[in-house]
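Working notes for the structure below.
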Protein chains: 2
Amino acid sequence: MTAAEQEYIKQIYTGIADGHLPMQTYMLAELVGAKPASATDMVKKLTLKGLLNYRKNHGFSLTESGEQVALQIIRRHRLWELFLTENLKIDWKQVHAMANELQSINSDLLVNNLEAYLGYPVYDPHGEVIPDAKGHLPQTERMEIYDLKVNQGATVTGFRDSGSAFLAYIEKLGLLIGVRIQVTSLIEYNHSVEIAISQVSSFIITKETAQKIYVTINE
Amino acid sequence: MTAAEQEYIKQIYTGIADGHLPMQTYMLAELVGAKPASATDMVKKLTLKGLLNYRKNHGFSLTESGEQVALQIIRRHRLWELFLTENLKIDWKQVHAMANELQSINSDLLVNNLEAYLGYPVYDPHGEVIPDAKGHLPQTERMEIYDLKVNQGATVTGFRDSGSAFLAYIEKLGLLIGVRIQVTSLIEYNHSVEIAISQVSSFIITKETAQKIYVTINE
DNA sequence: TTATATAATTAGACAAGACTAATTTTATAA
DNA sequence: TTATAAAATTAGTCTTGTCTAATTATATAA
Ligand SMILES: [Mn+2]
Ligand SMILES: [Mn+2]
Ligand SMILES: [Mn+2]
Ligand SMILES: [Mn+2]
């Protein structure tokens, strides 16, 4: 598989995981940073290869085989991200872009040895789970800040968006992984959420932001 | 620069370093594993970019700028090879092929942090020197087995060929880096060389092989 | 039911990088 | 000097992945 095909497959997987089922052409184009015409071409090609279920003019989803392929690409992507932050000390805001270039190198030997070197990690630097060699995703129960009720306390465990602009905002807010937060109020007007960090600072984030931050409820 | 352009530039550099000056189209084609027509196209493109001095029908060499580019590509290639063997424990016969895919990722941050992580190494797993961030090659005086005189003792320090078939042969002979050898006789007929390892085994290698093994004379 | 906006597809073009087949250059040997 | 073999180049084609512009399909609102 070419690097481009792999990037499309990865974006289809994550797009669907984020609730876009079936996936649509314009959405895929936006995710990969291309025009819809290009996405149509690629969808047709991936369909011929048996990786997509495609109903012309009505969107598409991954086949069983396509999903396995996607999980392997995501596995490589996230393992490299972790290596870059943990070992090479590269800023977590920059590793996603680098991992996009590394993910296309498809060697089981390389990837499995990298995984062993990293100590069989479960999470990447953005709190995303890493599929194992068989394509299995560790099961974790976690929700979005947006799903929390008022006064409910939780701990930040990850992010749905690895873009450097989003992560810079997260850093500015101090909402890093492991930080304990509490929802102090819900804004009825536009569904923003007010949250507090360790009873000190308190601020409001938009609905969109609240949906991009994963938390686990404190026991 | 595309991955293909970089591979061509790298092969031009190493080809010239191995004595092919000026570089010729058929030779470059052979090194990159393509047909001469493809090499001609690429040479024209690289010339337009100011990386080659090219006299149509008479070969080409790297410009000053082309040489600096080449050294950076070789730097990345060799650092990755070392990472793959040292850290990921991948067989030295396999890392060259993997490094060919990794070398195209051109990020100073990535490469310099990788170099620091590896401890600013001087040699890659095949005994080839690694250019530093400025493109400087550590100076080393070493010769080929073929240059040794009879009874002259030397230590193996590297190889000119990283192909897995050649390295498998080297392993079979036991001519690994650090091994002390002695030339026991020169075969006049076809310029083969008989060498001995630590007074035990003794065998004959061809001229071509003797020219691919670097040694340093024992003090 | 019909008009309209959005999404999707098609047609045609282009750049990169490879190939084959044909032609031209160059160097060398007779 | 001329013939020949080797090397190089050109011309034309193909695949991948992208684009723009034009057209078609779908869903929704009037
Ligand atoms: Mn990422
Ligand atoms: Mn990530
Ligand atoms: Mn190598
Ligand atoms: Mn090497």
Using whole Å, what does the distance between atom [atom2] of nucleotide [N] and atom [atom1] of [X] come to?
| X | N | atom1 | atom2 | value |
| --- | --- | --- | --- | --- |
| A:Asp41 | C:dG12 | CG | C1' | 12 Å |
| A:Leu28 | C:dT9 | CG | P | 11 Å |
| B:Glu7 | C:dA18 | CD | C1' | 15 Å |
| A:Met27 | C:dT6 | CE | C1' | 15 Å |

Between B:Lys44 and D:dT10, is there a contact of a side-chain N or O with OP1 or OP2 at under 4.0 Å?
yes
So, is B:Ser38 close to the C:dA18 phosphate, meaning a side-chain N or O under 4.0 Å from OP1 or OP2?
no
Taking the minimum atom-to-atom distance to the side chain of [X], which one of [options] wins?
| X | options | answer |
| --- | --- | --- |
| A:Pro36 | C:dT9, C:dT20, D:dT20 | C:dT9 |
| A:Lys35 | D:dT9, C:dC19, D:dT20 | D:dT20 |
| A:Ala37 | D:dA21, D:dT18, C:dA18 | D:dA21 |

Residues [X] and [Y]: side-chain donor-acceptor under 3.5 angstrom:
| X | Y | answer |
| --- | --- | --- |
| B:His77 | B:His96 | yes |
| B:Arg76 | B:Gln6 | yes |
| A:Gln68 | A:Gln72 | no |
| B:Glu171 | B:Trp92 | yes |

Straight-line distance of B:Leu62 CG to B:Ile16 CD1, nearest 0.5 Å
4.5 Å
Interatomic distance, CG@A:Leu46 vs OH@A:Tyr54, rounded to 0.5 Å, equals 11.5 Å
One thing to verify: whether [Y] and [X] come together as a salt bridge, which I'm taking to mean a side-chain N less than 4.0 angstrom from a carboxylate O.
| X | Y | answer |
| --- | --- | --- |
| A:Lys93 | A:Asp91 | yes |
| B:Glu144 | B:Arg160 | yes |
| B:Glu81 | B:Arg78 | no |

Where along residues 8-26 of chain A does a heavy atom come under 4.0 Å from DNA chain C, residue by residue in number order?
A:Gln24, A:Thr25, A:Tyr26
For DNA chain C, determine which residues of residues 53-62 of chain B have any heavy atom closer than 4.0 angstrom to one of its atoms, and list them numerically.
B:Asn57, B:His58
Could you check whether A:Ala34 gets within reach of a base, just the sugar-phosphate, or nothing at all, counting any heavy atom under 4.0 Å?
sugar-phosphate
